[in-house]
Amino acid sequence: MPELPEVETVRRGLAPHLTGQIVTGVVVRQPRLRWLVPDELAAQLPGQTIRRVERRAKYLLLRTDAGTAILHLGMTGRLRLLPAATPLQKHDHVNLALANGQCLRFNDSRRFGALLWTTEPPEQHPLLQALGLEPFDAAFSSAYLRQRAQGRTSAAKAFIMDSHIVVGVGNIYANEALFAAGINPLRPAGQLTEAECDRLAVAIREILTEAIRQGGTTLRDFIGGDGEPGYFQQSLRVYDRHGVPCVACGQPIQRCRVGQRATYYCPRCQR
DNA sequence: AGTGCGGCCTGTCCGC
DNA sequence: TGCGGACAGGCCGCAC
């Protein structure tokens with residue numbers, strides 16, 4: 001389940017192989033992803049050189065002189081670089097052929113992913129334009145969180161998972177960050193103290209940094225751009241551990257729901 | 001404006 | 001063993 005560290009891992013794995021490559025062909029076998037893959041992608045991308053492979057939030061951006069492909073992995077999306085002749089697999093929806101004889105395959109069983117094309121600066125695209133701060137942006141601070149949380153009644157967990165506040169924090173890392181910060185996920189965001197916001201900002205950055213270092217979290221589906229799984233699942237301290245003793249105090253980890261999402265926390269360590 | 005929920009998908013797991 | 005149903009989840013889009 002790709003969150004920011006997984007997408008960044010894919011980006012780092014692919015960038016050296018894609019940068020400078022010419023796209024020679026685009027085949028869309030299944031255009032019905034989260035949104036329809038636009039015809040302009042197959043019309044305008046072939047012949048273009050991939051100048052840069054970037055990430056904004058959980059979106060991957062393949063920048064060319066003619067436009068930018070915007071790619072989202074959704075829940076189950078995978079990108080793999082393969083020899084062009086590699087037989088297709090189930091759920092291989094899009095194939096980008098490259099001039100060097102390789103191809104980039106987008107496989108997504110649940111089709112929550114997306115592949116779009118824009119000729120505008122991608123940061124102006126409706127999907128990217130209203131996004132909140134990157135967690136590694138210098139402006140992402142205790143003061144920023146406190147200011148954005150002001151007056152909010154929604155749960156702290158929903159707050160940090162809101163991509164209009166801070167991007168890239170999905171369910172796994174939201175649980176882990178709140179544990180690291182000692183904050184109960186149900187606490188109303190507007191009631192967080194300055195010290196708590198400080199711990200939360202630090203925890204989000206630390207958890208994401210460590211997860212990127214370990215190549216992401218592989219639960220079921222995730223593989224990085226180099227085909228390797230991630231290893232952060234070994235570092236999870238609360239996610240999917242209900243009933244297991246807390247690593248800090250031994251109290252059983254509790255599970256509840258916040259906004260339809262499975263939520264795990266230690267009732268003693270997180271107040 | 002903020003909040004909460006439905007819906008999109010399919011693979012996996014559970015109980016019968 | 002087979003089958004149906006619940007569940008997982010990012011995130012938009014809608015209703016309140």
Side-chain angles (χ1 to χ4, degrees), chain A residues 1-10 28-38 55-60 70-79 89-94 106-116 118 125-135 145-178 185-192 204 208 211 216-223 229-230 232-233 236 238-243 255-264:
Chain A
M1 33 198 78
E3 299 183 29
L4 188 148
E6 291 73 33
V7 178
E8 180 61 20
T9 298
V10 170
V28 180
R29 302 176 64 236
Q30 170 56 279
R32 295 181 55 192
L33 305 181
R34 191 179 201 300
W35 297 282
L36 214 57
V37 178
R55 179 188 60 73
R56 171 70 171 116
K58 298 175 191 170
Y59 296 93
L60 282 171
I70 302 175
L71 216 151
H72 197 291
L73 298 176
M75 284 294 304
T76 50
R78 299 177 183 207
L79 281 174
Q89 293 182 355
K90 198 175 180 186
H91 307 305
D92 277 344
H93 302 315
V94 181
F106 180 61
N107 179 294
D108 185 7
S109 61
R110 273 177 241 184
R111 285 197 265 141
F112 278 18
L115 178 55
L116 300 168
T118 180
H125 191 278
L127 287 174
L128 305 190
Q129 170 265 326
L131 290 173
L133 290 178
E134 289 285 331
L145 277 185
R146 192 103 191 280
Q147 182 252 318
R148 295 299 302 269
Q150 198 174 26
R152 289 194 190 235
T153 56
S154 57
K157 178 157 178 270
F159 174 68
I160 61 170
M161 289 181 71
D162 184 345
S163 63
H164 300 99
I165 307 296
V166 56
V167 302
V169 184
N171 199 39
I172 297 174
Y173 299 119
N175 282 298
E176 296 299 314
L178 287 162
L186 292 161
R187 283 273 302 284
Q191 287 180 16
L192 297 177
I204 288 171
L208 295 177
T217 300
T218 297
L219 292 180
R220 294 178 190 84
D221 304 310
F222 176 70
I223 48 171
F232 190 74
Q233 64 276 15
L236 297 176
V238 287
Y239 182 80
D240 206 21
R241 289 171 62 87
H242 52 290
R255 176 168 64 176
C256 68
R257 291 200 155 258
V258 176
Q260 319 282 70
R261 295 283 177 270
T263 300
Y264 305 87

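Values below: every heavy atom of this structure, side chains too, minus hydrogens, waters and symmetry copies. Because the structure is a prediction, the values reported are computed rather than measured.
- Stretches of at least 3 consecutive Watson-Crick or G-U wobble pairs, with each checked distance under 3.5 Å, appear in DNA chain C as B:2-16 with C:2-16.
- Looking at the side chain of Ser154(A), the nearest of the listed nucleotides dA8(C), dG10(C), dG4(B) is dG4(B).
- Across all strands, Thr153(A) comes closer than 4.0 Å only to sugar-phosphate atoms, never to a base (heavy-atom distances).
- The distance from atom NZ of Lys58(A) to atom CG of Leu131(A), rounded to the nearest 0.5 Å, is 10.5 Å.
- The separation between His164(A) atom NE2 and dT3(B) atom P is 13 Å, rounded to whole Å.
- Here the OH atom belonging to Tyr173(A) is positioned 13.0 Å from the CD1 atom belonging to Ile160(A), to the nearest 0.5 angstrom.
- For dA1(B), neither phosphate oxygen OP1 nor OP2 lies less than 4.0 angstrom from any side-chain nitrogen or oxygen of Arg152(A).
- One interatomic measurement links the two molecules: CH2 of Trp35(A) to C1' of dG13(C), which rounds to 10 Å at whole-angstrom precision.
- Here the side chain of Asn175(A) pairs no donor or acceptor atom with the backbone of Val238(A) at under 3.5 angstrom.
- Residues satisfying the side-chain hydrogen bond (donor to acceptor under 3.5 Å, both in side chains) test with Arg111(A), not counting sequence neighbours, are none.
- The Leu127(A) side chain lies nearest to dC12(C) when the options are dC11(C), dC7(C), dC12(C).
- Atom pair Asp108(A):CG and dG11(B):P shows a separation of 11 Å (rounding to whole Å applied).
- For Arg110(A), the side-chain atoms get nearest to dT10(B) when compared with the rest of dC7(C), dG10(C), dT10(B).
- Residue contacts for Ala262(A): at a heavy-atom cut-off of 4.0 Å it reaches the sugar-phosphate backbone alone, with no base atom in range.
- If you take CG on Leu178(A) and CZ on Phe159(A), they are separated by 11.0 Å, rounding to the nearest 0.5 Å.
- A close approach under 4.0 Å does not occur between any side-chain nitrogen or oxygen of Ser109(A) and OP1 or OP2 of dG11(B).
- Within the 4.0 angstrom heavy-atom criterion, no nucleotide atom of any strand lies near Phe159(A).
- Aromatic stacking is marked for Phe112(A) over dC8(B), as both cut-offs hold: 5.5 Å for the centres and 30° for the planes.
- Neither OP1 nor OP2 of dG10(C) sits under 4.0 Å from any side-chain N or O of His72(A).
- At dG9(C), one or more side-chain N or O atoms of Tyr239(A) fall inside 4.0 Å of OP1 or OP2 (strictly under the cut-off).
- Residue Arg34(A) places none of its side-chain N or O atoms closer than 4.0 Å to OP1 or OP2 of dG10(C).
- Residue Arg148(A) is the one, among Arg148(A) and Gln260(A), whose nearest nucleotide of DNA chain B lies closer to the 5' end (criterion: closest heavy atom).
- For Arg257(A), taking side-chain heavy atoms from C-beta onward, the closest of the listed nucleotides dC12(C), dG11(B), dA8(C) is dA8(C).
- Of the possible polar contacts, none joining the Arg187(A) side chain to the Ala189(A) backbone as a donor-acceptor pair under 3.5 Å is found.
- In this model, the phosphate group of dC11(C) is approached by a side-chain N or O of Lys58(A) to a distance below 4.0 Å at OP1 or OP2.
- Separation of atoms CG (Asp108(A)) and CZ (Arg78(A)) is listed at 10.0 Å; rounding is to 0.5 Å.
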